[in-house]
Structures are given as C-alpha cells and as structure tokens.
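This structure is a prediction, so every number in the text was calculated from the model and none was measured. Letters go in sequence order (proteins before strands), and every chain restarts at 1.
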Amino acid sequence: MTRTLQPALLDGLLAWYDRHRRRLPWRALPGEVADPYRVWLSEIMLQQTTVAVVTPYYERFLARFPDLQALAAAPETAVLAAWAGLGYYARARNLHACAQAVAEAGGFPAEPAALRSLPGIGAYTAKAIAAIAFGANVIPVDGNVERVLARLFAITETLPAAKPRIAAHAEALAVEPAARGRPADTAQALFDLGATVCTPARPACGICPFLGSCAAQRQGIEATLPRLAKKPDRPQRWGAHFWLTDAAGRVLLRRRPREGLLGGMTELPGTPWRPERWSAAEALAHAPAPAQWRPAGQVRHGFTHFTLTLDLFAAEVERIAGDGFLCEAGRLDGEALPSLMRKCVGMVTRKKPPRPGPGGRAESPAERANSHQGTGPGKSPLSVFPEPN
DNA sequence: ATCCTGACTG
DNA sequence: CAGTCAGGAT
C-alpha cells in the first residue's frame, strides 16, 4: 500500500551493521546461521534483562545445559538454581517446560505462529527466533526497536498506546527488499542500533545511519521519544524473615509455592508480606522455632508493583526441627536464592548493625520490643516462644 | 494486573 | 545513595 519513501533506509542500516555489529556469545558468525537453541535461550534471558547482565549467566547456563536434551532432562530445581539472580522466575519455569515440549517434538518450529504457542514465547520472542534462527521476514519489536522506530517516524503518541502504529511501521520495513535479503541481520541491526547509538538518554545521532532520514532528529525531539505514559506509584509492604542456624552451621530454608511472586525459589522462613509493618511480637509468632531471637537488620527491595521492607531476626539453636530444609551456611550459592534473599543473607552474615543508626527515623520492631520487654540492658536478645498456630 | 533486577540519575 | 528506569509474557 505505502510506497517506500526511503529505499536506502535499510541498506544504510545494514552497511552500518556490517561495520559495527556487536559480538555476542549467542550470535552466529557473519554469514553463518545461528543455532535455534542458543537464540531461544538468549532471547528468553534477554526478556526484561540487559546484555551485560545476561552474558555471564548465558555462558554458565550453556556450559551446564549444552543442548535442548540436557535442559529437558534436568530437574526444575537445577534450572531455577542456574537462573537465580536473573529475576522474573516464571521465565525459568517456562524455559524448562518449553525445552521438554520442543525436545519431544524433535526440534523448534520455524514459523512465528508455532513458536508463539510455546511456553514463555510471546509475539516478540517468536519473531526474534523466527528471524534470527530461521530467516523469516519479520521484525521483532522489543524496547530497542520500539525506540528506534518511534524516533525514525517521529511518533509522539505515548506508549503503550503507540504500539500498533509502531508495529505497522515494523511490518512495512520487514518486507522491503533489503530486509528480505537479510532478515536476521535486519533484526539484529535494529537491536544494536538501539543499544549503542539510538540510546534512551543521549542518542548519538552524529554517527547514526538514519541521520537525515530520522523525523524526530530533524525536529530536534529525538531525546524525548518514545513518550511513556506515567506509571502509578508503588505501594509499600512489610515482612519479617528469620535466620536460624544449628550447631553444625546449617541454616533453615524453605521453598516458596510454585506459582506467584518468586515462585519456586528458596527463601528464609518468614511472615507473609502485608501493607502494615509487623510488630516484634506479631513477627516472632511466625518464627520457625523458639529461640533467643535478636534483630539482625533490615532489607529494602523494589518489585515492579510494590516496595518491600523486611525486618530480619537471627538465632542459633542446638538442633533444628522446623518445616523446610537445611543448607550449610557456606553453600548457599547452590541454592535458588533470589536477589532479595541474597540481600538478607548478606545483611545477616556480614553482621551489619541493624538499621537505623542513631538519629535514624524508623525504629525497628525488634528494637521497640526489646526495650518494651525490658529483658535487660541494651542489646540482650529476645526470648520468644511462638504461639502454636 | 503481576512478575525482578542492575544500571542510571539527580 | 535512594529513587527511578528499562525491559516482554501471562
């Protein structure tokens, strides 16, 4: 329907790509075809995660699960442990489920629609795999591509309302002759341009292959695009978690429910998370065992849709008889601990003084209870016997 | 609407 | 150094 106004648009982009392409561990060498397993694995990891963070995870993951069969045959706990720290753990569970489905089928499908139906593969990832590993004439639109196209065509409507308009531009570009000739490179060129030149804050328009064609740059509005609808602010939630060790130096852990927040990941036992802070008495009613609990600091963590503050308590007992499982305190690296829990472990084991310091504002519930209970001068531990419940 | 983390920024 | 931002699937 629309005639091509800039026939050389993609030719310039591809010429730029030939000189400035990033070398990434999951990419094929120039002229070679990428391995679908590696493309898929990298694309799942790259969902919501930057290249710099993904790279070391990708290398370790690939060494541990070198191919589809190895991943499909692995226990889910091993996959989650290898993923720990990357976030959005539904990705790891879907990755494992997808590996089993694809191994069963004997390999990845090549069509975007078939890829799209697999666990963890949405519209973007389906097009990315189809274009990069199978040479399909499609342009996957991720955040980078969205930004590049919003600027190239000066789309001033706010996101996400502007998505259909941007998608239409991507579809028009995907069928141009230059893109048809090199579908994988076209997609990756747009990724690389967005990552290294057409950056969010200070785009380097002076070295951009689209300089002169870019509508936003001609209007001087490139740095303001794409426009984002403003986000609602995040509510606060509170919890308390417990570091309980035994005489052998093992710590009590438990596994979170498979579904939902941090699903299937390992955690220190604790209270539910709620909008109000837990008093010490309330919190310690959820302690995994009676013990001389002492306040062990506070950890703050931001999730997408709420901010969490955890009060920590620590205690030692001779022998642990609680729900959950034990792990040597020095071997927590092998556990599927999300970053939130790694912060907690770091706070407790580095024996940082509990926040807040002198002059701080929020008194921790532990400290409050400590003084109220008057169990002794200063910092004596709490003696607590949780109510059976 | 839910789901996490590291980089960036003021 | 705390707050904000970037980044797709379900």
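Not one N or O on the side chain of A/R256 forms a donor-acceptor pair closer than 3.5 Å with the backbone of A/M265. Between the A/R147 side chain and the A/C198 main chain, a donor and an acceptor come within less than 3.5 Å of each other. A donor-acceptor contact shorter than 3.5 Å is absent between the side chain of A/T199 and the backbone of A/T196. Using a distance-only test at 3.5 Å, with no hydrogens or angles considered, a donor-acceptor pair links the side chain of A/E282 to the main chain of A/S279. In terms of modelled atom types and a separation under 3.5 Å, the side chain of A/D192 and the main chain of A/R22 share a donor-acceptor contact. Listed for the A/R180 side chain is no donor-acceptor partner under 3.5 Å among the backbone atoms of A/P183.
Using a 4.0 Å heavy-atom cutoff across all strands shown, A/A123 reaches sugar-phosphate atoms only and no base atom. Within 4.0 Å (heavy atoms only), A/Y88 reaches at least one base atom of the nucleic acid. Among the atoms of the strands shown, only primed sugar atoms or phosphate atoms (P, OP1, OP2) are found under 4.0 Å from some heavy atom of A/R116. At a threshold of 4.0 angstrom between heavy atoms, the contacts of A/T304 include nucleobase atoms, whether or not backbone atoms are also involved. Backbone-only engagement by A/T125 is indicated by non-hydrogen atom pairs under 4.0 Å involving sugar-phosphate atoms exclusively.
Just one residue in the list A/F242, A/W278, A/W293 forms a ring-ring contact (aromatic ring centres under 6.0 Å, His included) with A/H286, and that residue is A/W278.
Between the CZ atom of A/R300 and the C1' atom of B/dC4 there is a distance of 16 Å, given to the nearest Å. Counting to the nearest Å, the P atom of B/dC4 and the CG atom of A/L337 are 14 Å from each other. As a whole-Å value, the separation of A/W83 CH2 from C/dA9 C1' is 12 Å. Remark: C1' of C/dG7 and CD of A/E43 are 12 Å apart, rounded to the nearest angstrom. We find that OH of A/Y89 is positioned 18 Å from P of C/dG8, with the value rounded to whole Å. A straight line from CZ of A/R234 to P of B/dT5 spans 12 Å, rounded to a whole angstrom. Atom CZ in A/R91 sits roughly 14 Å away from atom C1' in B/dT2 (whole-Å rounding). In this structure, the CZ atom of A/R202 is 9 Å from the C1' atom of B/dT9, given to the nearest Å.
Applying the side chain to side chain donor-acceptor pair (under 3.5 Å) test to pairs two or more places apart or on separate chains, those with a residue in residues 90-116 of chain A are A/T49-A/R91.
For A/E43 and A/K127, the salt-bridge test fails: no basic side-chain N is under 4.0 Å from an acidic carboxylate O. Comment: A/R227 does not engage A/E157 in a salt bridge, judged by the lack of any side-chain N to carboxylate O separation of less than 4.0 angstrom. Checked for salt-bridge contact, A/R21 and A/D185 miss the test: no charged N lies under 4.0 Å from a carboxylate O.
For the pair A/T49 and C/dA6, the criterion of a side-chain N or O lying under 4.0 Å from OP1 or OP2 is not met. Put simply, A/H305 has no side-chain N or O that comes within less than 4.0 Å of OP1 or OP2 on B/dT2. For B/dA7, the OP1/OP2 oxygens have no side-chain nitrogen or oxygen of A/T50 closer than 4.0 Å. One finds no side-chain N or O of A/Q48 lying less than 4.0 angstrom from the OP1 or OP2 phosphate oxygen of C/dG8. For the pair A/H301 and B/dT5, the criterion of a side-chain N or O lying under 4.0 Å from OP1 or OP2 is met.
In this structure A/V102 satisfies the side chain to side chain contact (heavy atoms under 4.5 Å, CB included) test together with A/L68, A/C98, A/F108, A/L118, sequence neighbours excluded.
Within residues 257-268 of chain A, the residues having any heavy atom under 4.0 Å from DNA chain B are, by residue number, A/G260, A/L261, A/L262. Residues from residues 130-139 of chain A placing a heavy atom under 4.0 Å of any atom in DNA chain C do not occur. Residues from residues 141-153 of chain A that place a heavy atom under 4.0 Å from any atom of DNA chain C, listed by number: A/D142, A/G143, A/N144, A/R147.
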For DNA chain C, the dot-bracket pattern of Watson-Crick and G-U pairs whose distances stay under 3.5 Å, | for other-strand partners: ||||||||||
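Ring centers of A/H305 and A/F303: at least 6.0 Å apart, outside the cut-off.
Toward the 5' end of DNA chain B, the nearer of the two residues A/A201 and A/Y57, judged by each one's closest nucleotide, is A/Y57.
Ring geometry for A/F191 versus A/Y124: interplanar angle of 30 to 60°, hence tilted.
At a cut-off of 3.5 Å, with distance as the only test, a side-chain donor of A/T309 or A/Q236 sits close to an acceptor on the other residue.
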